[in-house]
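Both counts, for ligands and for their atoms, begin at 1 and track the order of listing. Computed from a predicted structure; not experimentally measured.
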Amino acid sequence: MRILLTNDDGINASGLRAAAEVLSHICKVIVVAPDREQSGKGTSISLSSPLRISKVKRIAAGVPSYAVEGTPADSVILGLDQMAKDVDLVVSGINSGANLGEDIFISGTVGAALQGYFRGLPSIAISVGSLHPPTFHAATVILAAIVRQIEKEGYSNRLLLNVNVPSIQFSDICGIDVTRLGGRAYTDVITTGDDGKQEYYWIAHGTPAWHLVEGTDIWAVRNNRISITPLHSDLTDGKRLGEINKFTDKLRGSFDAS
Ligand code: MN
């Protein structure tokens, strides 16, 4: 089993190192990750600038490691095209901070894993639910177990798992749930300042408003359980197709008249 490992916290992040160490004991790992923190970059790809790749000191024994001057998605695209053409699986993480519910739309951790998924590979995004400071041990245990299971079952088709692990001791984890995405609304906090040249604005996430519904990823992590959410890229709102058809019938009239 060959793995391309990336993240959005950057090549020097402790969660990336923790993942590289545990995975290097069970398979062949190559790290291709952004050269600096890229959290919140989502699925962004750098189209307007050239990208440089630097070979850096191995972040774990036996793990060739490369830093990319770009986004998490750039790292996977370049990795799969250049340094890791023959990988079987893409892993993104271990991210410091949960990626729950609507977070997946801005998450660079999930954005990187999506690039593996788009290219037909099984892909895993994995995060721990605390920034201050996160405990990675439980996440490394579940990551290794998932990778072993994928290898055992011979998954070769595209699959995207978003895994969130509470930042608690392994012995305090209450179980593993397969979940759907929950709802989590952020209030953005915008601070302003002046750097002496011009006023600036700084967007930061405020305290999220939780919607604690059983069966969701948010509920699982809040109840000290590991959450595994299978994702796919079809965002079509199937339940509203009928409603929008009626809505569109009214638009069609104006085209028929012309
Ligand atoms: Mn991050």
Q. Testing Thr179, Asn162, Thr216 for side chain to side chain donor-acceptor pair (under 3.5 Å) with Thr229, which one passes?
A.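 It is Thr179; the other options fail the test.
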(Q) Under the rule for side-chain contact (heavy atoms from CB on, under 4.5 Å), what residues qualify as partners of Asn12, not counting sequence neighbours? (A)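 Asn12: no side-chain contact (heavy atoms from CB on, under 4.5 Å) contacts found.
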Could you check whether any side-chain N or O of [X] sits under 3.5 Å from a backbone N or O of [Y], counting only pairs where one atom can act as donor and the other as acceptor?
{"X": "Asp74", "Y": "Ser46", "answer": "yes"}
{"X": "Asn157", "Y": "Gly120", "answer": "no"}
{"X": "Ser92", "Y": "Thr109", "answer": "yes"}

Q: First locate atom CG of Asn223, then atom CD1 of Ile218, and finally report the distance between them rounded to the nearest 0.5 Å.
A: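 These two atoms lie 12.0 Å from each other.
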Q. Under 2.8 Å from the Mn ion (ligand 1), which protein atoms of type N, O or S occur, listed by chain and number?
A.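 Short answer, with waters excluded from the count: Asp8 OD1, Asp9 OD1, Ser39 OG, Asn95 OD1.
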